[in-house]
Novice: 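One structure is given below, represented as structure tokens, and several questions about it will come after.
As the structure is a computational prediction, the values presented were derived from the model and not from experiment. Proteins come first, then strands; the chains are lettered A, B, ... in the order of their sequence lines, and each starts at number 1. Scope of the values below: all heavy atoms of this structure, side chains included, with no hydrogens, waters or symmetry mates.
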Protein chains: 2
Amino acid sequence: MNAAHMEVLIVEDDLLHRIYLREQVSAALPECDTIFEAENGAQGETLARAHRTAHIVMDLQMNARNGIEAARTIWLERPDTRILFWSNYADEAYVRGVSRIVPNGAAYGYVLKSTSEERLKLALRSIFVENQCVIDNEVRGMQQRSFAQASGFSESEYEILMDIALGMTDRAISKRRHLSLRSVQNRLQQIYSKLEVHQPPETLREDGAFNLRARAVTVAMMRKLLNYGALEKAEAELQSWLKGS
Amino acid sequence: MNAAHMEVLIVEDDLLHRIYLREQVSAALPECDTIFEAENGAQGETLARAHRTAHIVMDLQMNARNGIEAARTIWLERPDTRILFWSNYADEAYVRGVSRIVPNGAAYGYVLKSTSEERLKLALRSIFVENQCVIDNEVRGMQQRSFAQASGFSESEYEILMDIALGMTDRAISKRRHLSLRSVQNRLQQIYSKLEVHQPPETLREDGAFNLRARAVTVAMMRKLLNYGALEKAEAELQSWLKGS
DNA sequence: ACCGCCCTTGCGGGAACCCGCAGATTCGCG
DNA sequence: CGCGAATCTGCGGGTTCCCGCAAGGGCGGT
């Protein structure tokens, strides 16, 4: 680490936030002499590749290409890149997405936009000069709740949840995930029960019948287990799988 | 309209954007002597009621209570309130939501956060002092595409799209919307075709079977026809309908 | 080895879904 | 009023979904 020279790349689509970040970065890191800026994920990848920047702070949830996608390709090319994710929300979909792509040993951070200036500056220094991970408290809580058993989803359940969200049939899922048809259905039932999606249990009305499959998707959406970015990513993967075989 | 006295309420959850709005409002409206601020929809409603503010600028997409919900109750109480919606996106779900609740004759605006300072100031003056509607170009385009026939959804189709998103069965929908079971299914087919959701048409593979119902929901989501806020609202309506009978 | 425990897989059936077909109803227009 | 076009509705059947039941197959423990 060369203390006299540092380049930082900011990837953020909101102008005001970009300006704010620029200020905070140069205030927190006097050794930083160059700041590059991108306003979407695609541009961010290009700049990161062009300048080989080892320090990136970026938003998740951008228009052209979201932060997770961008981070994934950047980390594939240079796994030692240090990335601070700077996000509005701590949705489980985001947290899961990030922790799925971080190379082991890499330093990264995840702080919310609502945190104070001090915490942001601290995070910047911790990650970029101390090479140390910084995860916001709320995000940390989400991580634990997510990977523990408590209403938490195993990786394979999560995959299948995506599959039904994409509109795949049981049989298609069984082919894709190499399971028997019945196993897929078993997993679906686990998913339904973990999401607390069931037919109106003791109800008298026969109106309120639910299509569990469809309901599970929106319940997952409302619980922030799924979000827009995750859907897009899953859709892309599905398409390439359909081509692949 | 008293030119020497004006109160404006800003409803916006993002601190930076709130500060920016504050500046722009006082720059564009010298006659404005008081600015109230709220950081979510619920607080916005309270302040609007307390101060009887006739001029509001607010974000859609906030945590506690989104802009559309807040605007709806505010307009129910005082239909002549002037509201400028200031949003990141021109999703069809938002546009549709707004134009569904605006009282006829009321002045309102819809501008994107990405527009220039000048346009924002202009919109503020147009709505608040000239009492004139201002709709951003991109939003306007969305409106027309939405209400025209071109891949546009009729109101009843839109309702049913929500219903299947919520996981209702065909029969439940038919009860709720007072249609025969078969009619519901007809509408579903229209929806599928408008969303271009169909079984892999010329494909040889039998793997790629789709559950049209589930797929339609996420396609609608990816096309921004549905979004998180719309789902929450629909869910609330569904719950109250279930109670009601 | 024996015994639970958990996960997988198959079978079967009742319900729900997707949809082609055809008669009935509605609505607009000359 | 007549006529066409669009929509609503019922019927039927092929497929998919939801799920209870039960027969295996690993795996750790006493």
Novice: Which atom names give the shortest non-hydrogen contact between A:M221 and B:L231, and what distance separates them?
Specialist: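 Where A:M221 meets B:L231 most closely, the heavy atoms are CG-CD1, 4.1 Å.
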Novice: Kindly give the heavy-atom pair with the smallest separation between A:S126 and A:V134, and that separation in Å.
Specialist: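 Scanning both residues completely, I find the closest heavy atoms to be CB-CG2, 3.4 Å.
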Novice: Round to a whole Å and report the spacing from CE of A:M168 to P of D:dT16.
Specialist: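 About 14 Å, once rounded to whole Å.
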Novice: Check the distance between D:dC17's C1' and A:R215's CZ and give it to me in whole angstrom.
Specialist: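 Distance, rounded to whole Å: 18 Å.
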Novice: When you measure from the side chain of A:R171, which nucleotide among C:dT9, D:dT16, C:dC18 comes out closest?
Specialist: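 So the side chain of A:R171 is nearest to D:dT16.
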Novice: Would you state whether a donor and an acceptor, one from the side chain of A:R182 and one from the base of D:dG24, lie under 3.5 Å apart?
Specialist: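 Looking at the base of D:dG24, it does not pair with any donor or acceptor on the side chain of A:R182 (distance under 3.5 Å).
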Novice: D:dC8 P sits how many Å from B:Q190 CD, rounded?
Specialist: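 Atom CD in B:Q190 sits about 8 Å away from atom P in D:dC8.
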Novice: Which is true for B:L212 with a 4.0 Å heavy-atom rule: it touches a base, it touches only sugar-phosphate, or it touches nothing?
Specialist: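 Sugar-phosphate: the residue B:L212, judged by heavy atoms under 4.0 Å, touches backbone atoms but no base.
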Novice: Just to confirm, is there a sub-4.0 Å distance from OP1 or OP2 of D:dT9 to any side-chain nitrogen or oxygen of B:S183?
Specialist: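 Looking at the OP1 and OP2 atoms of D:dT9, one of them is under 4.0 Å from a side-chain N or O of B:S183.
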Novice: Expressed in angstrom and rounded to an integer, what is the separation of B:E157 atom CD from D:dT7 atom C1'?
Specialist: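 Whole-Å distance recorded here is 12 Å.
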Novice: Quick one: sort the A:F85 and A:Y110 rings into parallel, tilted or perpendicular, breaks at 30° and 60°.
Specialist: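 Aromatic pair A:F85/A:Y110 classed tilted.
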Novice: When you match A:R213 and B:N186 each to their closest nucleotide on DNA chain D, which lands nearer the 5' end?
Specialist: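 Nearer the 5' end of the strand: B:N186.
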Novice: Rounding to a whole Å, what distance do you find between B:I160:CD1 and D:dC8:C1'?
Specialist: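 Interatomic distance, CD1 of B:I160 to C1' of D:dC8: 12 Å.
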Novice: Could you give the CG-to-C1' distance, from A:L188 to C:dT8, as a whole number of Å?
Specialist: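 Atom-to-atom, A:L188 to C:dT8, this comes out as 15 Å.
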Novice: Taking atom C1' of D:dG12 as reference, at what distance in whole Å does atom CG of B:L181 sit?
Specialist: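 In whole Å, D:dG12 C1' lies 14 Å from B:L181 CG.
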Novice: Can you figure out which of D:dT9, C:dC18, D:dC17 approaches the side chain of B:D170 most closely?
Specialist: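 Among the listed nucleotides, the one closest to the side chain of B:D170 is C:dC18.
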Novice: By nearest atom, which of the nucleotides D:dC17, C:dG10, D:dC18 is closest to the A:S180 side chain?
Specialist: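 Between D:dC17, C:dG10, D:dC18, the one nearest the side chain of A:S180 would be C:dG10.
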Novice: So that I know where these two stand, are B:H17 and B:W86 an aromatic pair - ring centroids less than 6.0 Å apart?
Specialist: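 Centroid separation for B:H17 and B:W86: below 6.0 Å.
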Novice: Has A:Q189 got a side-chain N or O lying under 4.0 Å from the OP1 or OP2 atom of D:dC19?
Specialist: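 A:Q189 to D:dC19 OP1/OP2: side-chain N or O found under 4.0 Å.
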Novice: Which sits closer to the 5' end of DNA chain D, B:R187 or B:N211, going by the nucleotide each is nearest to?
Specialist: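 Going by which nucleotide is closer to the 5' end, it is B:R187.
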Novice: In whole angstrom, what separates B:L179's CG from D:dA6's P?
Specialist: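 These atoms are roughly 20 Å apart.
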Novice: Using the six-membered ring of B:F210, assess whether NZ or CZ of B:R215 lies under 6.0 Å from its centre and within 45 degrees of the ring axis.
Specialist: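 Verdict for B:F210: a cation-pi partner in B:R215.
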